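Below is one structure, written out as structure tokens; comments come after it.
Everything numeric here is computed off the predicted structure, so don't read it as measured data.
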Amino acid sequence: MHKHHNVSPGARLLLCLLLIAFVLLIYMLQDVILSEKFFTDAGTINNLINYIDLGSAQTDSFVSTALFFNTLGYEGSQAFLLFAVISVVLLMSFRSKNYELVAFTLLYMIPFTLFNLKLSKEAIVIAMNLGCCLVCLSRKSKTFKVIFIAATYLLYAYFFRFYYAFIAAGMVFITCYFSSSGRARIILLVIALAACLALPSDVWTQLQLARDTVNTNREGLGNSQTIFTNLLTPNGIITALPNSLYAAVRFFFAPAFSFRPQELLLAVVLWSAIALMIKNKNYSHPLMALLMANFLIQTFFEPDLGSFLRHMTAYAFCLYAVPKLSRLEPRMQPQS
């Protein structure tokens with residue numbers, strides 16, 4: 001990158017201050033400018049905190065999230081949301097070292113601020129991913145970074161959403177795959193295929209069924225234009241790949257199915273993130289692997305375009321903590 005393409009530290013500071021002002025403005029006005037459908041998760045979590053005995057409630061991801069925010073209290077929860085969002089602003093602003101990254105930061109902040117300033121499951125994921133970014137920006141070894149991210153995601157999977165264990169496994173596999181070459185890659189692919197076949201058929205079915213189960217109750221609602229069901233009736237591993245590929249097509253080419261501002265925004269954010277990942281080239285970095293694993297798992301169960309974009313905003317910023325590859329990446333070593 002030529003020097004005149006770099007963004008000065010002063011310009012990045014100005015970008016950061018403007019974005020923090022934007023975040024605070026949206027935070028204060030969100031109830032006025034956004035429709036209630038943006039806050040369905042927040043409503044569910046608030047109702048659980050206010051009207052349900054969380055200690056004796058049957059545990060699911062919403063109950064676990066409500067317990068977390070109930071422990072923080074109202075002021076603590078609001079501080080947590082603002083801290084998480086502003087921390088992402090700081091990361092993205094100060095690492096926007098060229099104009100392409102500045103442009104993506106400005107684009108990304110639109111869905112990021114609209115979705116993440118109310119109580120949600122994503123708020124905890126954002127904080128978790130920020131922790132992963134900080135570790136990856138440190139001088140720790142790549143092995144340590146991989147173990148840290150995997151352990152963090154497995155902890156979250158245990159307490160909140162089980163499928164995050166699949167993201168952890170995917171991250172480890174993708175990091176190892178791009179950190180190796182030749183015969184080792186073939187062996188890794190064989191191991192991955194064997195692991196997929198070894199999973200009980202019901203696991204694959206349930207992973208795919210989540211999409212159809214959620215959408216059954218939402219047909220005909222005002223926001224039902226953004227939902228879609230599986231191409232094939234979920235039936236084990238046989239239908240997993242075609243259903244996942246179909247979902248990926250719906251995400252990448254959303255405007256082809258419904259041409260509205262929200263579909264255009266999703267497509268532009270997604271394609272821009274992919275373009276930045278390709279330009280970065282550092283595919284063996286654990287955070288790059290984490291981005292790929294998150295997207296891959298989303299294609300199996302994500303029920304609509306809105307929730308896909310919301311979930312994506314909670315992890316795509318990790319790209320900013322991935323150093324750009326300027327030479328061949330060394331193989332995974334115990335020491336960096």
Side-chain angles (χ1 to χ4, degrees), residues 1-30 33-34 78-117 122-123 125-140 145 261-262 264-283 285-288 290-291 294 309-310 312-327 329 336:
M1 183 70 63
H2 297 297
K3 199 172 181 71
H4 65 270
H5 285 151
N6 290 345
V7 179
S8 70
R12 280 179 266 157
L13 175 61
L14 179 61
L15 174 68
C16 181
L17 293 173
L18 287 171
L19 288 176
I20 289 173
F22 176 70
V23 166
L24 294 174
L25 185 68
I26 295 294
Y27 177 77
M28 290 184 290
L29 298 178
Q30 57 186 332
I33 61 174
L34 298 177
Q78 299 307 306
F80 179 85
L81 291 175
L82 283 169
F83 176 79
V85 170
I86 290 172
S87 296
V88 172
V89 167
L90 291 170
L91 173 71
M92 295 181 76
S93 300
F94 288 111
R95 291 187 66 83
S96 291
K97 294 182 180 179
N98 60 60
Y99 291 109
E100 290 168 344
L101 288 172
V102 169
F104 184 71
T105 299
L106 291 169
L107 174 70
Y108 187 79
M109 280 299 142
I110 299 167
F112 183 73
T113 49
L114 294 182
F115 282 129
N116 295 308
L117 286 168
E122 263 52 63
V125 176
I126 289 167
M128 179 173 78
N129 285 334
L130 277 165
C132 293
C133 287
L134 288 174
V135 168
C136 286
L137 287 169
S138 73
R139 294 184 176 273
K140 299 287 186 183
K145 292 169 184 175
Q262 52 265 56
L264 276 173
L265 178 65
L266 180 142
V268 173
V269 171
L270 180 54
W271 280 106
S272 300
I274 298 293
L276 289 172
M277 288 169 73
I278 291 169
K279 191 160 188 178
N280 186 288
K281 294 186 176 68
N282 198 351
Y283 303 123
H285 193 281
L287 287 177
M288 190 75 91
L290 186 66
L291 293 179
N294 264 289
L309 182 57
R310 185 177 78 243
M312 192 172 82
T313 63
Y315 66 79
F317 67 83
C318 291
L319 179 63
Y320 283 66
V322 180
K324 188 173 181 181
L325 194 63
S326 55
R327 59 189 182 279
E329 174 82 352
S336 55

Self-check item: side-chain contact (heavy atoms from CB on, under 4.5 Å) between Thr313 and Thr113, worked out
Solution: CA-CA 9 Å; Thr313 63; Thr113 49; over 6 Å; no

Grab the two heavy atoms, one from [X] and one from [Y], that are nearest each other, plus how far apart they are.
X: Ala127; Y: Phe80; result: CB-CZ, 3.6 Å
X: Lys145; Y: Pro286; result: CB-CG, 4.0 Å
X: Phe317; Y: Ala314; result: CE2-O, 3.2 Å
X: Val7; Y: Ala11; result: CG1-CB, 3.6 Å
X: Tyr99; Y: Asn6; result: OH-O, 4.1 Å
X: Lys324; Y: Lys279; result: CE-O, 3.5 Å

Exercise. With sequence neighbours excluded, tell me which residues meet ring pair (Phe, Tyr, Trp, His ring centres under 6.0 Å) with Tyr108.
Key: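 Counting only residues at least two positions away or on another chain, Tyr108 forms a ring pair (Phe, Tyr, Trp, His ring centres under 6.0 Å) with Phe104, Phe112.
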
Quiz item: With Leu134, which residues qualify under side chain to side chain contact (heavy atoms under 4.5 Å, CB included), at least two apart?
Solution: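 Listed in chain order: nothing, the list is empty.
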
Quiz prompt | Pairing residues for Ala321 by the side chain to side chain contact (heavy atoms under 4.5 Å, CB included) criterion, not counting sequence neighbours | solution =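 Applying side chain to side chain contact (heavy atoms under 4.5 Å, CB included) to Ala321 gives Cys133, Leu137, Leu287.
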
Quiz prompt | Heavy-atom side-chain contact between Tyr315 and Ile126 under 4.5 Å | solution = no

Exercise. Using a 4.5 Å cut-off on heavy atoms from C-beta on, say whether the side chain of Val89 contacts that of Met109.
Key: yes

Exercise. Under the salt bridge (charged side-chain N to carboxylate O under 4.0 Å, His left out) rule, collect the residues that match up with Arg310, sequence neighbours excluded.
Key: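 Expected list: Asp41, Glu122.
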
So how far is it from [X] [atom1] to [Y] [atom2], rounded to the nearest 0.5 Å?
X: Gln262; Y: Leu114; atom1: CD; atom2: CG; value: 11.5 Å
X: His285; Y: Met277; atom1: NE2; atom2: CE; value: 12.0 Å
X: Asn129; Y: Cys318; atom1: CG; atom2: SG; value: 4.0 Å
X: Leu117; Y: Ile86; atom1: CG; atom2: CD1; value: 8.5 Å
X: Leu319; Y: Leu101; atom1: CG; atom2: CG; value: 7.5 Å
X: Leu17; Y: Leu14; atom1: CG; atom2: CG; value: 6.5 Å

Exercise. Report yes or no: does Asn294 contribute a side-chain atom to a donor-acceptor pair with the main-chain N or O of Leu290 at less than 3.5 Å?
Key: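 Yes; judged by distance alone, with no hydrogens or angles, the pair exists.
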
Quiz prompt | Test item: Asn116 side-chain N/O and Val85 main-chain N/O as donor-acceptor pair under 3.5 Å | solution = no

Quiz prompt | Partner set under side-chain hydrogen bond (donor to acceptor under 3.5 Å, both in side chains) for Tyr320, not counting sequence neighbours | solution =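 Tyr320: side-chain hydrogen bond (donor to acceptor under 3.5 Å, both in side chains) contacts with Thr105.
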
Mind listing the side-chain donor-acceptor pairs of residues 19-29 below 3.5 Å, one per line with the distance, residues two or more places apart or on another chain?
{"unit_1": "Tyr27", "atom_1": "OH", "unit_2": "Gln78", "atom_2": "OE1", "d": "2.7"}

